[in-house]
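Following: one structure in structure tokens, then a few remarks.
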Amino acid sequence: MSQDHEHDDGQMARMDWSLWRRVLRFARPYKVHLIWLGIVAALTAACEMAFLLLPGTIIDHVKAYGHEADLTWYLVAFGIATVGLSLCIWTFIMLAGVIASGTQRDIRAAAFEKLQRLSFSYFDRRPVGWLMARLTSDCSGLSRIIGWALLDIVWGVCMLAGSAAVMLYLNWKLALIVLVITPVLIVASRYFQLHLLLTSRKVRKANSHCTAAFNEGICGVRTSKSLVREERNLLEFQGLSGEMYRHSMSNAIYAAVFLPVVLTICSLGVGLAVWYGGGAVLDGVLTLGTLVIFIHAAGQFSNPIQEMARTLT
């Protein structure tokens, strides 16, 4: 199998922003959908912030009024937040689906048109199976990123900023203690993002080689049988599939370790909140409901960071 196409798959563990600017041009026809998707992502974060604040507020209200506490308005607020979150989820699934399917169609149409204008020498150096892998799985992956990346990034930024703002407003000293975990989270996320990006690219490259080998094996079956190359072809394909297996396992290991590391760091933030905030509650400086809000806010740091790192990968 020809390996002349390998130079097209650089394994640099960084973003190629010039290439992404070219890819994002396919999102221009869906500018209105993208704007609404960003708005819905921010509204989704707002609804989730309501669920963050309400339990602690209810605890303080019940503690203050005891059996006479009226929870009617809190129940109404919970209902509004639930309905709002449901509508936001339905809306962003619909918007992201339209963007992803539309950009996938446009990218494949543009790629097919480009193939018609390329020289014969281009197809001499690139196996058909390799091209098919690019035009099918890779186009599908790009369209999903365009459709869902904006949602994950806007939602994640709003959640992180909202949680930090709420904690700083309620008690800035305790907030600074909890936010000590933020630099550690950034460093850990950056480390895993680089390795996940590198291994993901290796998996895509190995997948394209396997697809190319499948195509060459089918198209050249007469030649293989005439030259009695079946065993050698099998050994070559086992090498390609083994390489894909190794890269896939490496990617899966990094992905599996990433979540526990992030959760452990966030648990450290929760522990700091309980340690310092618990003493403040006993001293009467802090209310129990405020401490509950801090614990929930510190625990919520993991989801946005994990989603944004997955999107960038």
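The figures here come from the full heavy-atom set of this structure, side chains too, leaving out hydrogens, waters and symmetry mates. Please read these numbers as outputs of a predicted model, since none were measured by experiment. If you read the sequence from its start, that first residue is 1, and numbering goes on from there.
- You'll find the side chain of Phe51 reaches within 4.5 Å of the side chain of Leu85, heavy atoms only.
- If you chain together hydrophobic residues whose side chains sit under 4.5 Å apart, Ile146 and Val32 fall into the same group.
- Two residues are said to be in side-chain contact when any heavy atoms from C-beta on lie closer than 4.5 Å; Leu174 and Met167 fail this criterion.
- Interatomic distance, His247 NE2 to Leu198 CG, rounded to the nearest 0.5 Å: 9.0 Å.
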- request: With side-chain contact (heavy atoms from CB on, under 4.5 Å) as the test, would you mind laying out the steps for Phe294 and Val166 before giving the verdict?
  value: CA-CA 9 Å; Phe294 268 89; Val166 166; over 6 Å; no

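- Ring pair Tyr191/Tyr254 is perpendicular by interplanar angle, where above 60° counts as perpendicular and below 30° as parallel.
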field: Criterion side-chain contact (heavy atoms from CB on, under 4.5 Å) on Ser119 and Tyr122, from CA distance to verdict
entry: CA-CA 6 Å; Ser119 63; Tyr122 180 87; 4.2 Å; yes

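- Side-chain atoms of Leu37 and Trp148, non-hydrogen and from C-beta on, never get closer than 4.5 Å to each other.
- If you take CZ on Phe92 and CG on Asp152, they are separated by 8.5 Å, rounding to the nearest 0.5 Å.
- Between atom CD of residue Gln104 and atom OG of residue Ser101 there is a gap of 7.5 Å, rounded to the nearest 0.5 Å.
- Within a 6.0 Å sphere centred on CE of Met249, heavy atoms belonging to other residues, nucleotides or ligands number 12 at most.
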query: Given Ser163 and Met49, is the side-chain contact (heavy atoms from CB on, under 4.5 Å) satisfied, shown in steps?
result: CA-CA 7 Å; Ser163 299; Met49 290 304 301; 4.0 Å; yes

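- At a threshold of 4.5 Å between non-hydrogen side-chain atoms, the residues Thr290 and Asp60 count as touching.
- Rounding to the nearest 0.5 angstrom, the gap separating the OG1 atom in Thr199 from the CZ atom in Phe192 is 11.0 Å.
- Two different hydrophobic clusters hold Val180 and Leu168 under the rule that ILVMFWY side chains link at heavy-atom gaps under 4.5 Å.
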task: Under the side-chain contact (heavy atoms from CB on, under 4.5 Å) rule, what do Phe258 and His195 come out as? Steps first, then yes or no, please.
output: CA-CA 10 Å; Phe258 177 46; His195 286 80; over 6 Å; no

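- In this structure, the side chain of Thr182 engages the main chain of Leu179 through a donor-acceptor pair within 3.5 Å.
- Between the CG atom of Leu240 and the OG1 atom of Thr211 there is a distance of 10.5 Å, given to the nearest 0.5 Å.
- If you chain together hydrophobic residues whose side chains sit under 4.5 Å apart, Phe78 and Ile89 fall into the same group.
- Under the 4.5 Å side-chain criterion, counting only non-hydrogen atoms from C-beta, Phe214 is in contact with Phe237.
- There is a path of hydrophobic side-chain contacts, each under 4.5 Å, that joins Leu54 to Leu43.
- For the atom pair CZ (Phe26) and CG (Asp106), the distance works out to 7.5 Å, reported to the nearest 0.5 Å.
- With sequence neighbours excluded, the residues forming a side-chain contact (heavy atoms from CB on, under 4.5 Å) with His33 are Tyr30, Leu95, Val98, Ile99, listed by chain and number.
- The closest side-chain heavy-atom distance from Cys266 to Val270 is not below 4.5 Å.
- Asp283 places no side-chain N or O within donor-acceptor distance of the main-chain N or O of Val285, the cut-off being under 3.5 Å.
- Between Leu71 and Val62 the shortest side-chain heavy-atom distance falls below 4.5 Å.
- Ser250 contributes no side-chain N or O that, together with a main-chain N or O of Arg246, makes up a donor-acceptor pair within less than 3.5 Å.
- For Tyr245, the OH atom sits in a loose shell: 12 or fewer heavy atoms of surrounding residues, nucleotides or ligands are nearer than 6.0 Å.
- Residues Ile253 and Leu196 share a hydrophobic cluster, clusters being chains of Ile/Leu/Val/Met/Phe/Trp/Tyr side chains in contact below 4.5 Å.
- Using a 4.5 Å cut-off on side-chain heavy atoms (C-beta onward), Arg201 and Leu197 make contact.
- Salt bridge present: Arg229 and Glu236 bring a charged side-chain N and a carboxylate O closer than 4.0 Å.
- Residues Ser267 and Thr264 bring no donor and acceptor atom of their side chains to less than 3.5 Å of each other.
- Exactly one of Val292, Thr287, Leu286 qualifies for a side-chain contact (heavy atoms from CB on, under 4.5 Å) with Val281. That residue is Leu286.
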